[in-house]
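No experiment lies behind these values; they were computed from the predicted model shown. A, B, ... follow the sequence lines: proteins, then strands. Residue 1 opens every chain.
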Amino acid sequence: MPNISYIGKEYESAFNSICELYRNGYISQGILEQVNLSEKEITYRDTVFALRPYEEQNNDLSAVMTEKGASWFEKIRNMEKVDSGASDWLALIADVAEDYHKHNSFLEFCQKDHTIEKETINRQITDINAFLQKFYPHLDDTQIVVGKGENATVDIYAVNFLMDINNGVGEFQKVLGKVYFKYMNRKYFLLRKEEGNEIEQQIRAVIETNDFENAETGSDITRNSTVINEVLAELDRVIRQGQFTEAVVFAGEKDLRIIEHYLSNGPQISVTLDCLHLRVYAIHHIRWTNTVYQVERHQVPLLYFLANSANQLTVSCARCREEEDGILMVDNRIEYEKDGIRKSVFLDFSRKDLGIDEEQVFEIQQMSDFSKHLLPVRCSDVGMREHNIDCVRYICERDGFEYNGKRYCRDCTHPKIVFRDHTGEAKLTATMGYASDLNSFAEYSDLRKCRICGRSFFHEFESAVPECALCGKIRNGTVGQGENVYAEYRDLFSLAKRIFVHRAGTVAIEDGEVVIFRIKSFGRTHYYIYDKLSMLKKGYLDGPKKLQFFGGD
Amino acid sequence: MKTEKKYMIEFEPDAFDRHNDATRISSKIKNYSKDIHSMNILADELDRFDDFDSLRIPVDQYEHKNGIYGIVRTAEHRSGVIYAHQAQAALAFIRDLRGFGILADVVGSGKTYEAGVVISELAVRNKIRSILFVVPSQALSDWVTVIEQRFGMGVGSLYQAGERLDRSQIQIETYGNYRVPRRPIIVTDDDFVKWGEDCTDLLFDVIVVDEAHHLCAEEGKYSYAMKILSKLVALKRKAKRSYCLLLSATPHSGNLEKMFRLWYFVRCTGGNPSDFDEKEDRFRTAYYIKEKEYYRNYVCKGASTVMEFIETVKNEEVLNSVNKDRFDQYLSENDQLLEFYDLPRGKKNEIISGFLYENDDICDQVYKNVARAYHNRVLRSIMIRQPNANLIAKKKNVVNLLFYRTPNPYKHEIMISDENRKLLLNIDQYNTESAICYDGEQFSVDSYIRDFAGNRRYQDVASELFRKTIVSIDNIDEANANPLFWKKGSLHYYAVQMKNSPIEVKNRLYVMDSRNDDSFEHKFAALEGLLERHRDQRMIVFFDYDLKRKERVVEKFVERIRQSKFCDRFLEGCVQKKTEVERVFNEKEDALLVVTEPSFTESVNLQTSNIIVNFQVIADPVAMDQRIGRIFRLGQKNDVIIYNLADMDRLEGYSLMYLSRIGLLTSNSGDATILAGSNSEKMIAIRCNRCGKVELISESDYEAREKKQQLFCNTPDCMQRGEVLGKISVTDFKCDKCGTSMIRSDEVEGYECVSTPGFGNSKGILQNNAQQFDRNYHCRKQCTMLNCSKLREQKCRVVEALKYNFNASTSELMVICAKCPDKNFCDRKCKPETGINGCLDCGYATCDPKPHKLTFNENWEAKCPVCGRTERGIMRPIVASSFASYIKSSWDFNQDKGVSFCPNLLKEAEKVAEIKKILDMDNLSEDD
């Protein structure tokens with residue numbers, strides 16, 4: 001026999017909500033035992049909750065004054081353990097809500113028609129110019145093109161949750177909230193509450209006009225389960241990194257009132273709210289189209305600007321936008337690290353100085369991703385040859401290199417390569433040659449050509465008889481194990497030659513590139529050089545060449 | 001969001017479980033649709049369901065049905081044993097304050113019941129494992145009865161802890177890191193302080209503190225109690241069990257600055273315990289200092305008292321809003337535009353008040369805004385405080401019996417006119433049903449006003465009749481000040497105060513012969529009439545206990561009443577027999593309790609009576625409020641009647657009209673406390689040392705004027721001489737080291753001695769030579785002789801005589817000494833006529849410290865007789881800042897031939913009446 005629990009007028013609204021959800025088939029079977037809509041009775045577990053006017057409520061045994069005292073003080077009176085579990089009524093409400101959300105937790109919304117007024121465009125262009133002026137004052141001949149370039153559509157995810165919060169004391173209150181993420185470049189970006197609120201406003205506008213039938217399910221349904229895990233992980237990160245407060249968007253007026261109440265009745269300096277539980281109950285997705293602007297110079301795109309609904313700008317490098325560091329600013333916020341501390345600067349375009357001082361501008365230019373993109377290159381090498389003007393380009397860090405404090409383009413038509421020589425010093429290869437003894441490059445001024453093998457070798461000083469170390473050895477006869485080397489390579493010579501070789505004094509020496517032979521034959525000495533790499537060039541073995549310098553056949 | 005305040009949401013370590021939540025999200029994506037939209041709204045409703053949004057226990061469940069539990073329903077409980085306002089307060093407390101804050105409904109609203117409902121609601125939601133009640137000792141038994149029986153916690157369930165918390169009695173259980181006493185505990189605030197910080201390891205889910213305004217004290221035991229409480233709350237915060245009810249009907253007594261500690265505690269969730277230590281602010285945390293700065297500058301608008309607050313907001317409203325143009329126009333019309341902004345604050349206030357007086361529409365709006373600022377933004381920002389009109393409180397009816405001295409006491413009938421009606425007034429029957437004869441019919445004054453007032457207010461007509469009666473009795477030329485009163489402008493004063501008094505105040509005129517200076521007989525006769533009228537009712541009679549001996553009438557009254565036919569009803573109210581007196585008084589239905597000691601006016605519950613008689617009216621608003629508080633308190637079942645008997649040509653007459661006018665006698669007790677404090681808290685009474693002129697100004701004004709050196713006396717003579725007004729400060733003294741006080745008593749015309757008597761119980765008296773500015777105070781020879789061990793041993797006849805009559809005069813003692821047969825019996829220095837010099841360091845003196853002479857320097861400072869030698873303590877003057885000091889000194893000032901007294905008092909009354917007006921407008925919402 002189930003217990004009967006009477007629900008009064010104060011709980012009528014919740015009671016009716018359950019009935020309405022049930023009537024529309026939004027409560028799964030098994031959650032409620034029975035619902036009698038006409039009698040206004042809900043059977044849940046062992047209790048029948050009956051909505052009745054107060055006069056019709058019979059004795060509700062849960063709260064009565066008995067001969068032993070008040071029933072609500074019974075456990076205190078008897079010093080029994082107090083059960084912290086919620087009452088059946090609260091459990092019913094929680095179960096129904098959870099069940100509903102479980103089946104309606106991943107929802108697709110649509111954006112309101114993305115039309116933008118000319119005035120807004122002008123304003124956003126003004127903001128872009130202010131941005132360029134602030135961070136790229138040297139950038140000339142630029143042009144801002146509206147609606148060109150970057151794909152203006154981004155994925156927005158709203159994580160919906162229920163929080164139990166208080167201001168440190170008193171009973172916790174339930175507050176519904178959301179945190180928005182933008183998915184770009186395979187990364188999630190947390191949206192600050194300003195933009196979150198703008199999106200929220202627009203979604204509400206769509207809802208109010210009943211214009212949400214246009215929503216199309218997410219473009220990549222196969223990613224759904226991944227998205228859930230990714231988005232929740234992002235939320236977890238946001239909570240752990242203390243960014244939650246600046247991103248939370250409260251769901252309704254009631255939630256805002258609760259927060260407002262805490263703030264207006266809390267300490268003046270700063271109010272700390274405690275969250276006991278946060279339970280995510282839904283994720284909403286929306287494909288969001290922004291207004292896009294391309295900044296180009298001589299038809300070369302440099303930067304892309306996405307202006308969101310809150311007129312906040314997201315800036316990415318035109319060339320590196322797919323790269324991890326290609327996004328320079330997200331929704332007016334620039335982040336960088338200084339002395340190991342993460343810093344965040346918010347640009348306020350309503351202010352002439354954008355709300356930042358010169359020191360911050362300097363720090364952003366030097367320490368943020370700004371330092372890796374749109375780096376100016378002015379080179380006279382090309383220009384002098386062609387139109388007698390300097391070549392000016394803006395390149396990303398990965399597209400250039402620095403030599404002697406000057407930046408060069410990697411894709412320059414006059415290629416220059418920086419090379420660190422044996423001393424470790426960086427030098428341009430244009431001024432260097434290959435030193436065979438070092439198996440490395442060296443300044444031309446330090447290279448000498450071996451009079452025997454003809455190869456360049458490193459020698460700082462001029463010499464009348466330049467010889468590389470290898471050739472020097474073989475000429476001086478200081479070749480240990482030379483016979484063995486000769487034996488190893490003798491097959492390169494013809495049989496006839498080999499027969500007449502005098503074994504004594506015939507030696508060979510080698511390094512990675514060449515083998516040099518000293519052949520004694522008929523009392524004469526001949527020098528041969530064999531280029532090991534020639535095999536690669538021709539695809540078959542070529543014989544050793546006689547070095548004419550020493551004479552011989 | 002309206003508030004641009006910084007905030008941060010912090011998460012408990014396990015607040016978010018993403019893995020678990022991931023299982024609750026379906027990977028099947030759905031399009032948002034109309035159906036889902038409407039269902040989402042319903043689901044959101046369930047998500048937001050707040051269990052604290054309504055009361056779970058139907059209020060009729062508290063009613064007594066059988067057994068001993070529950071609240072017994074009486075005729076008063078028409079709609080249930082819990083009144084609607086009590087249920088509303090309890091609901092607001094749990095719904096809006098979430099169980100942490102102040103319940104501050106006015107006295108008589110039944111806050112204990114409100115607390116009972118709150119606790120019951122928490123209990124029914126399983127929120128209470130442990131509970132602590134901290135209550136005043138006099139309310140302990142009430143609390144036990146209410147919680148155990150009326151709210152049914154169970155008889156004996158509360159453990160009444162003493163000054164040491166016996167842990168074996170409270171069944172401590174451990175939950176995680178917390179020790180939770182399972183037995184509910186109740187303790188008096190005195191004992192709670194003695195627990196010290198030993199109890200701060202205990203976790204109480206709910207703490208209830210009654211009379212929480214005491215916690216505002218910056219020093220002493222209550223300051224310490226606040227620290228302990230703050231520590232307990234810190235533990236509760238950690239354990240997430242932070243319910244705390246602070247109860248107070250009077251969160252402040254006119255001094256807003258003092259309320260800061262409560263503010264800090266509530267707004268900062270218990271505050272930082274170390275901030276409640278006794279120390280200077282600069283040693284407290286930056287958090288405390290910033291909050292205080294905000295409280296002072298923004299919440300209280302820089303004002304430290306209610307009076308200052310009202311003035312500040314009023315001025316702001318006039319100067320910084322849409323009213324500015326009209327005000328500037330007003331200034332230019334009065335040629336004050338240029339000079340106004342350079343005027344001192346007090347002058348500015350006067351001009352602004354004049355402007356508001358002339359512009360009713362603006363005045364009304366300005367007062368509403370001031371009231372909103374005070375009630376909604378100051379008080380209700382930290383407490384649940386319902387409008388007075390919503391509460392059940394008994395009414396106070398005040399009847400002033402004014403005794404008018406006239407050389408024409410035998411004029412029985414006079415003719416006066418009222419709106420072209422010729423009335424024949426029968427003086428002898430003035431207070432009866434046949435006071436007025438008009439058109440052949442007889443009326444009482446009240447019934448005449450009722451029938452003929454037309455559109456006129458009751459008070460206007462009554463005041464006019466009163467004025468015309470006196471004018472006709474003595475044929476006074478109205479153009480001139482009434483020569484029959486000591487102070488000029490008195491008739492106007494009485495008429496204006498009557499006109500502006502609340503409707504509950506009724507004035508009765510008694511005529512007496514000015515040739516017979518003693519008003520006692522007239523008053524006694526009137527009292528006999530009252531005793532006759534209330535023959536079956538309990539009555540309490542109070543006197544002025546601070547008068548000089550010759551002016552005291554209490555003894556004479558007792559003697560007369562013993563001889564009268566009402567002697568059977570007589571009961572003497574003295575502290576020694578307090579409990580017994582209370583018992584007898586409550587048993588005897590027609591008891592006449594004559595309070596003979598001033599201390600009997602505190603901490604006595606006499607609400608079984610509803611009538612008090614102030615046989616003499618005192619000028620101290622706080623003391624008057626306390627007298628009324630004996631009967632106007634919780635448990636009073638009837639409307640209260642307060643009879644005040646005052647001689648119109650004495651200070652008591654003026655004081656009575658002042659107190660009536662400001663509404664102190666008629667308003668509820670909470671407001672009365674604020675009104676009483678309005679001209680005492682943070683006020684300074686200053687006086688010209690030359691002419692004696694007195695002013696009452698706020699501390700801040702005093703400081704500003706002192707800084708600008710504008711504290712000159714403006715009486716013509718003094719102005720020429722450049723006399724400066726100084727604080728009235730030569731009556732009471734206090735040691736800056738040991739705190740020993742010397743409080744002047746007019747009754748003994750001196751100071752009670754600070755020594756511990758070595759013999760007998762009689763306290764000695766420190767006196768000077770009775771000249772006004774004599775700065776030498778010394779013990780009396782009588783006292784030193786009584787405390788001399790040598791004289792006692794030798795059975796000195798003088799000492800023997802003193803044992804019987806401590807107040808025997810020196811000449812009487814000298815006669816006894818002269819008759820002593822043993823001439824060599826004592827030294828010459830011991831004789832009554834030789835003064836006390838020989839006793840100052842005499843080895844035979846048994847009192848501690850030894851007999852002493854205090855010589856005050858030009859700053860009225862002297863070495864403390866108790867700790868002066870060891871601690872180098874200095875007795876310094878206690879600044880007399882209260883209204884009582886002001887009015888007494890002002891009354892004594894007669895240099896101006898009594899011209900300024902009445903106008904000044906009228907002005908003072910207007911200021912305080914303004915506060916009353918604001919206090920009454922407590923039901924305005926921000927949108928009204």
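Close placement of the B/F49 and A/Y11 rings is indicated, their centers lying within 6.0 Å of each other. In this structure, A/W72 has its ring center closer than 6.0 angstrom to the ring center of B/Y62.
Rounding to the nearest 0.5 Å gives a distance of 11.0 Å between CG of A/L21 and CD1 of B/I41. One finds the CG atom of A/D236 at 7.0 Å from the NE2 atom of B/H19 (value rounded to the nearest 0.5 Å). Distance CG/B/D60 to CE/A/M65: 10.5 Å, rounded to 0.5 Å. Put simply, CD on A/Q173 and CG on B/D53 are 9.0 Å apart, with the number rounded to the nearest 0.5 Å. Note that the CD1 atom of A/I76 and the CG atom of B/L122 stand 9.0 Å from one another [nearest 0.5 Å]. The CG atom of B/N31 sits 10.0 Å away from the CZ atom of A/F109 when rounded to the nearest 0.5 Å.
Heavy atoms from other residues, nucleotides or ligands lying under 6.0 Å from CZ of A/R237 number more than 12. Annotation: B/K65, atom NZ; neighbour count of heavy atoms from other residues, nucleotides and ligands within 6.0 Å is above 12.
At a threshold of 4.5 Å between non-hydrogen side-chain atoms, the residues B/N66 and A/E67 count as touching. At a threshold of 4.5 Å between non-hydrogen side-chain atoms, the residues B/F11 and A/L278 count as touching. Under the 4.5 Å side-chain criterion, counting only non-hydrogen atoms from C-beta, A/N24 is in contact with B/M39. Between A/V169 and B/R237 there is a side-chain heavy-atom pair separated by less than 4.5 Å. Using a 4.5 Å heavy-atom cutoff, the side chains of A/I18 and B/L42 are not in contact. Using a 4.5 Å heavy-atom cutoff, the side chains of A/N104 and B/K30 are in contact. Contact annotation: the side chain of B/I36 approaches that of A/Y100 to within less than 4.5 Å [non-hydrogen atoms, C-beta and beyond]. Between A/H101 and B/R24, the closest side-chain pair of non-hydrogen atoms is not below 4.5 Å.
Closest approach of B/V124 and A/A63 over heavy atoms only: CG2-CB, 4.5 Å.
Per-residue heavy-atom pair counts under 4.5 Å with chain A were compared for B/A43, B/A286, B/G99, and the maximum is reached by B/A43. Of the listed residues (A/A97, A/G242, A/G168, A/A251), the greatest number of heavy-atom pairs within a distance under 4.5 Å of chain B belongs to A/G168. The candidate with the highest count of non-hydrogen atom pairs below 4.5 Å against chain B, out of A/N229, A/L235, A/I283, A/D164, is A/L235. Between chain A and the residues B/R183, B/Q149, B/H64, B/E293, the largest count of heavy-atom pairs under 4.5 Å involves B/R183. Contact count against chain A (heavy-atom pairs under 4.5 Å) is highest for B/S54 among B/S38, B/P184, B/S54. For chain A, the option among B/C268, B/G154, B/S120 with the highest count of heavy-atom pairs below 4.5 Å is B/S120. Counting heavy-atom pairs closer than 4.5 Å to chain B, the top-ranked of the candidates A/G266, A/G252, A/S270 is A/G266. When B/D51, B/D50, B/N20 are compared by the number of non-hydrogen pairs under 4.5 Å with chain A, B/D51 comes out ahead. The candidate with the highest count of non-hydrogen atom pairs below 4.5 Å against chain A, out of B/Y264, B/Y294, B/Y243, B/Y175, is B/Y294.
Looking at B/E173, the atoms closer than 4.5 Å to chain A (heavy atoms on both sides) all sit in the side chain, from C-beta outward. With a threshold of 4.5 angstrom between heavy atoms, A/K102 approaches chain B through its backbone and through its side chain. Using a 4.5 Å cut-off between heavy atoms, B/D47 touches chain A through backbone and side chain atoms alike. If you measure heavy-atom distances from B/K28 to chain A, the contacts under 4.5 Å come from the backbone alone. Only the backbone of A/A282 comes within contact range of chain B, with at least one heavy atom under 4.5 Å from a heavy atom of that chain. Both the backbone and the side chain of B/I119 come within contact range of chain A, judged by heavy atoms closer than 4.5 Å. Of the two parts of A/V248, only the side chain, counted from C-beta on, holds a non-hydrogen atom closer than 4.5 Å to a non-hydrogen atom of chain B. Proximity to chain A involves both the backbone and the side chain of B/D44, based on heavy atoms less than 4.5 angstrom apart. Contacts of B/T23 with chain A are made by backbone atoms alone, with heavy-atom separations under 4.5 Å and no side-chain atom involved. With a 4.5 angstrom heavy-atom cutoff, B/E10 touches chain A via backbone and side-chain atoms both. Neither the backbone nor the side chain of B/V155 comes within contact range of chain A; no heavy atoms are under 4.5 Å apart. Only the side chain of A/L162 comes within less than 4.5 Å of a heavy atom of chain B; its backbone N, CA, C and O stay farther away.
B/D21 places a side-chain N or O within 3.5 Å of a backbone atom of A/V280 that can act as its donor or acceptor partner. A/H277 contributes no side-chain N or O that, together with a main-chain N or O of B/F16, makes up a donor-acceptor pair within less than 3.5 Å. A donor-acceptor pair under 3.5 Å is formed between the side chain of A/S105 and the backbone N or O of B/S26. One N or O on the side chain of A/T245 and one on the backbone of B/I9 form a donor-acceptor pair closer than 3.5 Å. When atom types are taken as modelled, the side chain of B/R267 and the backbone of A/Q268 share no donor-acceptor pair closer than 3.5 angstrom.
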Test B/Y7 against A/Y262 for ring-ring contact (aromatic ring centres under 6.0 Å, His included), laying out the working first.
CA-CA 10 Å; B/Y7 74 100; A/Y262 279 131; over 10 Å; no
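Note on residues 249-258 of chain A: pairs passing side chain to side chain donor-acceptor pair (under 3.5 Å), not counting sequence neighbours, are A/D255-B/R48.
Residues meeting the salt bridge (Lys or Arg N to Asp or Glu O under 4.0 Å) test with A/E74, sequence neighbours left out: none.
Between B/K240 and A/D274, at least one side-chain N (NZ, or NE/NH1/NH2) sits under 4.0 Å from a carboxylate O, which counts as a salt bridge. Ion pair B/K127/A/E171 flagged as a salt bridge, since at least one NZ, NE, NH1 or NH2 atom sits closer than 4.0 Å to an Asp/Glu carboxylate oxygen.
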